Amino acid sequence: GGAGASSGKTADGLTKVKVAPDWIAADITWIPYTVGISNGFYKAAGLDVSLVPPPDNSSSVKIVASGQADIAETTLTDQVFAAKQSLPVISIANLSQTNNWGFFTKTGAKLASPAALKGMKVGVFDDAWTKAMLGVVLRKAGLKATDIQQVTATDSDIPLLIAGKIDVATNTTNFGPPSYAEKTGAQPETMPATGLGAPDIPIWNYAASTRWLQKNPDLARKWLAATAKATEWAIANPDAAVKAYEAYHKLKPSGYATDLAEWKATVPLLKGSTGLFTATDGQWTQLTQALVAAGQLDKALPPSTYYTNKYIG
Amino acid sequence: MTDTKLTIDGVEVRFGEALALAETGLEVKNGEFITFVGPSGCGKTTLMNVVAGLQRPTSGRVLMDGQDISGRPGHVGYMFQKDLLVPWRTVTGNIVLGAALTGRATNADRADARELARRYGLGDFVDHYPHALSGGMRQRVALMRTLAFHKDVLLLDEPFGALDAQTRLEMQQWLLQVWADSGRTVLFITHDVDEAVFLADRVVVMSPRPGRIQAIHDVGLPRPRTVDTLLTPDFMELKSQVLAGLYHHMEG
Amino acid sequence: MTDTKLTIDGVEVRFGEALALAETGLEVKNGEFITFVGPSGCGKTTLMNVVAGLQRPTSGRVLMDGQDISGRPGHVGYMFQKDLLVPWRTVTGNIVLGAALTGRATNADRADARELARRYGLGDFVDHYPHALSGGMRQRVALMRTLAFHKDVLLLDEPFGALDAQTRLEMQQWLLQVWADSGRTVLFITHDVDEAVFLADRVVVMSPRPGRIQAIHDVGLPRPRTVDTLLTPDFMELKSQVLAGLYHHMEG
Amino acid sequence: MKAVRLATPLFAVLLVAAVWQLAVSVFKVPAYVLPSPSQTWSALGDDWTNIRSLAAQTLYESAIGFLVGAGIGFALAVAMAHVKIAHRVLYPILIATQAVPIVAIAAPLVIILGYGLAPKLVIVGLIVFFPVVVNVLDGLSGIDAGMVNLARSMGAGPVKIFLLIRLPATLSPLFSALKLGAAYAVTGAVIGEWTASITPGLGKDLLLKNSRLDTAGVYADVLLLTAIGIGGFLLMTILERVATPWRTRSTARRWFRR
Amino acid sequence: MKAVRLATPLFAVLLVAAVWQLAVSVFKVPAYVLPSPSQTWSALGDDWTNIRSLAAQTLYESAIGFLVGAGIGFALAVAMAHVKIAHRVLYPILIATQAVPIVAIAAPLVIILGYGLAPKLVIVGLIVFFPVVVNVLDGLSGIDAGMVNLARSMGAGPVKIFLLIRLPATLSPLFSALKLGAAYAVTGAVIGEWTASITPGLGKDLLLKNSRLDTAGVYADVLLLTAIGIGGFLLMTILERVATPWRTRSTARRWFRR
Ligand SMILES: Nc1ncnc2c1ncn2[C@@H]1O[C@H](COP(=O)(O)OP(=O)(O)OP(=O)(O)O)[C@@H](O)[C@H]1O
Ligand SMILES: Nc1ncnc2c1ncn2[C@@H]1O[C@H](COP(=O)(O)OP(=O)(O)OP(=O)(O)O)[C@@H](O)[C@H]1O
Ligand SMILES: [Mg+2]
Ligand SMILES: [Mg+2]
């Protein structure tokens with residue numbers, strides 16, 4: 001593994017920073033980067049930011065650990081397993097602050113209780129977050145993993161739900177309902193996981209390689225600051241932000257309404273009581289305890305092994 | 001025993017426009033050994049295919065024991081120039097192929113096949129696959145297969161063409177013995193005039209464009225015939241007659 | 001012209017334990033046409049391979065014009081039983097193969113090849129690929145290739161074995177003409193005694209186990225020889241002598 | 001001789017393992033990038049009871065898909081050999097099926113076919129059937145016409161000719177295709193599991209381990225999948241020897257002497 | 001005759017389109033599950049300027065990977081044909097490479113090889129090289145030993161014998177492999193793009209469209225990818241005709257008469 005991907009300089013004196021997002025293809029959580037790039041926020045901070053999508057939705061931390069990228073957009077669960085496997089990565093900021101993960105059913109087909117999941121076909125993703133939350137919810141509901149039929153979706157499970165191939169989709173409020181609405185013109189029934197015993201903790205975060213951080217603490221700070229600026233701008237100008245995002249990724253304008261709906265549903269998740277980014281010990285402790293309880297993690301490490309706030313602000 | 005076994009009656013074969021075999025007639029006596037010589041393309045194989053029922057004649061018919069068998073295969077034993085042994089069947093399996101193809105090869109068929117192989121010097125090879133046999137042995141198995149098909153008439157199309165001179169001579173003598181044992185009627189194609197004269201009761205010389213019978217020579221040489229027969233003046237005389245007929249159009 | 005061209009001097013070949021060719025000696029005169037007959041496995045091809053330098057003799061040596069050429073290929077033109085035409089080269093390309101393999105086939109080489117093809121009746125086929133030729137034509141091209149390799153000694157290993165009787169006779173006459181035109185020395189293997197006698201100045205009869213020369217017959221028949229030669233008493237007499245030698249061990 | 005024949009593949013395995021181990025050691029590759037053979041081996045051992053049943057599932061999918069693909073391929077080849085127009089029309093379509101990137105149509109397949117065995121069979125079958133068609137067609141067209149004429153001259157009907165003459169001639173090329181198909185089938189099963197699975201198999205397990213950043217576990221699964229593929233290949237090699245004894249033996253086996 | 005030869009593949013294309021359209025209409029399949037041919041076609045047209053440059057990128061990756069795979073395959077075959085021990089040791093390894101589920105090792109490859117062309121070349125190459133090795137080995141071992149002896153008898157050295165006798169004998173089987181490889185290469189490029197792409201190509205575009213539930217767009221991409229694969233196949237067919245004229249012609253082409 002080469003460790004030399006970082007810290008090159010471009011011809012006009014900018015420092016290169018490579019970001020590995022959390023998904024193989026562009027989605028609206030990439031809006032801050034594209035706004036940061038197209039509005040020149042990164043450039044103003046002396047950074048030349050480029051995106052290197054991971055080979056699958058679990059590998060962005062590996063990309064960073066192996067030096068193929070400098071900063072990863074990932075999930076808290078990935079960070080926990082990365083620490084378990086001794087990957088040299090640490091979370092430097094929360095991307096979102098609330099748990100908007102949950103279950104979605106067709107319009108008018110609301111589930112009475114989590115116990116109703118028994119025997120149902122449930123769409124799942126092959127990432128650690130879904131596994132973790134599903135584990136927690138099922139345990140609280142007194143169900144075993146084998147009590148439901150888990151159907152893996154390669155990309156989105158919403159089409160499977162609409163087509164009636166699954167009974168329940170697992171998704172997040174900023175992605176599930178907008179795409180359901182786009183195809184059906186109606187809203188799906190939502191059952192948030194936080195109401196079923198799941199902790200209200202962030203889903204997504206930014207992580208970086210500890211080696212890179214040691215060498216480039218300023219770069220990390222500058223990048224977070226510029227990203228914060230871009231995020232604030234995108235919150236204030238949702239239409240323009242979505243247009244910039246679509247233009248940057250050459251997306252068909254036919255998806256504009258959905259993209260905008262998704263971004264608008266994302267905005268409320270971004271800030272906690274202390275605004276953007278800041279993480280707390282409690283968030284990480286809740287997550288690791290839930291994982292241990294669900295039998296997916298053997299032991300919880302101190303929160304400081306998972307995250308740091310020292311590059312924020 | 002000397003009644004007519006086979007009648008080729010005004011048989012003519014065209015492929016589209018081309019006349020492969022002009023109107024041809026021949027009466028073959030029961031137990032007779034007839035050889036056919038003639039240059040490539042003179043219709044020898046075509047004539048055999050007609051007799052075998054593989055090729056329907058454009059006109060004319062073939063009678064066996066007075067019955068019309070034109071276009072109806074399965075009445076004669078036909079051995080092709082190539083041995084055409086089936087690679088995935090043993091020697092026994094190949095010998096009983098006719099039975100297997102037309103019904104079921106019974107244990108009795110297989111016992112007969114083994115007996116035949118033993119009688120003619122292939123007793124140690126009954127369970128061998130063809131690829132493990134020499135060219136002469138393969139040819140012998142092909143002939144046994146034709147015999148085991150139990151038909152009164154055998155058509156042999158250049159059966160020894162691929163063999164070297166010595167093996168060929170051995171095979172010729174073996175064939176004569178088999179023929180003497182079984183008393184069947186044989187039509188035998190060859191390019192080798194020595195072979196044609198050595199084996200035959202009658203030698204049929206054919207010529208091409210269009211294919212037709214040009215001459216028929218009676219061979220009066222006494223049987224059994226051996227290597228010495230090849231050196232007798234009578235043999236030489238007959239051979240030169242056949243040769244002269246065969247090549248007379250080349251000298252123009 | 002009558003000095004010794006080739007001397008096979010005490011050549012013996014063993015494959016492991018097996019003695020394929022017992023100590024053999026032969027002097028070949030310049031421009032002489034020698035044919036070899038003998039049953040399969042008597043070492044005819046082995047002897048040719050030794051002369052061609054493809055097979056190093058276990059003992060003994062081969063001299064050409066007094067020079068030892070044992071184990072050194074490239075001194076003779078060698079034509080194998082199969083025509084071995086290279087499928088991806090045209091007739092011209094095949095004729096110049098020797099030049100191409102040993103250096104570069106020049107335009108002059110190609111012009112010569114076309115001239116050769118024209119002279120011997122293949123003028124219309126110089127740009128044809130081998131698959132488009134008949135068996136006789138292919139064999140002729142193979143022989144031209146051997147001629148165009150410009151060596152004084154030609155080794156021909158059953159060159160006409162695959163042809164039918166009539167084509168074969170044509171090829172024999174053509175070969176005699178080529179030989180007369182070029183005055184080269186020819187060693188020619190065949191299984192056909194007629195052919196051996198018809199072509200040769202001397203017929204070498206070989207016998208197996210171990211392979212060795214058994215007899216050498218001088219053929220005094222006048223040249224040029226034609227189809228009629230085959231029917232002369234002298235020819236018949238010579239043939240019966242060769243045959244008798246060839247098969248005498250079969251009659252025991 | 002037999003010892004040597006067995007020794008060289010073993011040597012090859014050791015060679016690969018040695019190169020792999022050496023590369024990891026010399027370049028100090030961290031385990032989350034590429035685990036060493038020994039780490040992979042012990043990951044395989046640690047999780048063996050779990051992995052074993054998953055492997056059984058994947059094996060099952062590959063095997064059934066393989067059989068379906070081979071069967072359809074064989075039937076198509078026979079049809080195409082006998083019906084000229086079928087050959088002409090189907091051949092370009094068959095080529096096209098191979099040019100379609102299967103990974104790209106896997107997801108839509110699920111929506112159409114559901115999560116059962118069906119989409120996996122389609123994916124594995126699509127991979128396996130093509131070499132079978134091509135090779136069996138080759139075998140059928142390579143039959144000596146003389147042999148068929150011989151059978152006809154004996155008065156045999158088309159069914160007997162097919163069973164006794166044509167069919168056995170396809171066995172050798174068929175097995176060449178089956179050997180390849182057996183090796184490829186596992187890849188098909190993995191793609192199938194990724195896109196359309198309820199019952200967990202190795203392909204699914206691989207994803208799970210990947211999501212937990214358990215690289216050694218991922219490689220352990222890959223190792224096992226590869227072993228299944230090679231096992232299939234070897235099984236076909238053995239079946240080939242049994243089904244076409246005339247290619248390797250001089251005499252028929254005793255219990256097969258007829 | 002030539003018209004018929006061109007007409008049947010065209011007919012095949014129309015047949016597929018007709019069956020597809022009919023299936024969609026009869027079963028009332030919604031467009032987000034399976035768009036009709038016409039919807040797919042118009043999706044292709046709508047996005048054409050964008051798709052065109054993506055297709056160029058994917059074509060580039062497939063082509064380079066194809067060349068690398070074919071080159072390595074050819075070199076390996078020649079080495080294995082001449083060095084017996086290389087054959088013995090490499091053959092089982094080559095079989096093993098085909099049993100490895102490529103989709104499963106694609107992700108680790110990126111982490112090792114990065115985002116450049118390298119991982120794509122490895123993936124495409126792994127798919128393409130194997131049939132080339134097998135077929136070229138076949139070609140080399142199928143050479144009439146007599147032909148080599150003939151060349152030796154003329155005093156030719158091993159290099160000349162290789163160039164003039166052995167090499168041309170491999171062309172026909174080589175092209176059989178290349179035709180297949182050209183069709184498969186695109187699948188390799190798609191897998192490569194999915195796992196390791198910064199420069200966008202059709203494979204990546206397909207993912208993007210899939211995530212946006214633009215099924216017609218996905219099928220448009222698949223259609224184009226399939227067309228590229230078939231195009232590669234046809235190109236190899238034409239090259240084969242040019243490179244091996246003796247297989248289809250009686251006489252050499254005029255400009256090639258020597
Ligand atoms: N199926 C066919 N279609 C068209 N022409 C044919 C067919 N079979 C044979 N012919 C032609 O009929 C003529 C006679 O062919 P046939 O095979 O009977 O000759 P032959 O005497 O057996 O020759 P050979 O000695 O070479 O075997 C030839 O001109 C041949 O080209
Ligand atoms: N490379 C070899 N290794 C072992 N034995 C060989 C080899 N080449 C030939 N022999 C043996 O040497 C003997 C002579 O063979 P050779 O090919 O010279 O015979 P031949 O007279 O040319 O036979 P034919 O008429 O069948 O061509 C045979 O017993 C043969 O099996
Ligand atoms: Mg014939
Ligand atoms: Mg010989």
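Proteins come first, then strands; the chains are lettered A, B, ... in the order of their sequence lines, and each starts at number 1. A quick note: this is a predicted structure, and the numbers were derived from the prediction, not measured. Computation of the quantities below employed the complete heavy-atom set of this structure, encompassing side-chain atoms and omitting hydrogens, waters and symmetry-equivalent molecules.
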Taking only heavy atoms into account, what residues of residues 128-136 of chain A are found under 4.5 Å from chain D?
A/A128, A/K131

Any side-chain donor-acceptor pair under 3.5 Å between A/Q283 and A/N94?
yes

Establish, from distance only, whether the side-chain atoms of A/D22 and A/S60 form a donor-acceptor pair under 3.5 Å.
no

Contact class of [X] relative to chain D, heavy atoms under 4.5 angstrom:
X      : value
A/K84  : neither
A/I166 : both
A/Q150 : backbone
A/V122 : neither

Could you check which of A/A65, A/A163, A/S59 has the highest count of heavy-atom pairs closer than 4.5 Å to chain D?
A/A65

So, using side chain to side chain donor-acceptor pair (under 3.5 Å) as the criterion, who are the partners of D/D47 when residues are at least two apart?
D/N50, D/K209

By side chain to side chain donor-acceptor pair (under 3.5 Å) - contacts of A/K250 (at least two apart)
none

Please check if the distance between the ring centroids of A/W101 and A/F103 is under 6.0 Å.
yes

Could you check whether any side-chain heavy atom of A/Y306 comes within less than 4.5 Å of a side-chain heavy atom of A/L287, counting everything from C-beta outward?
no

List in chain and number order the residues that pass salt bridge (charged side-chain N to carboxylate O under 4.0 Å, His left out) with D/E61, two or more places apart in sequence or in another chain; answer none if no residue qualifies.
D/K120

Pairing of A/D147 and A/K118 as salt bridge, 4.0 angstrom limit:
yes

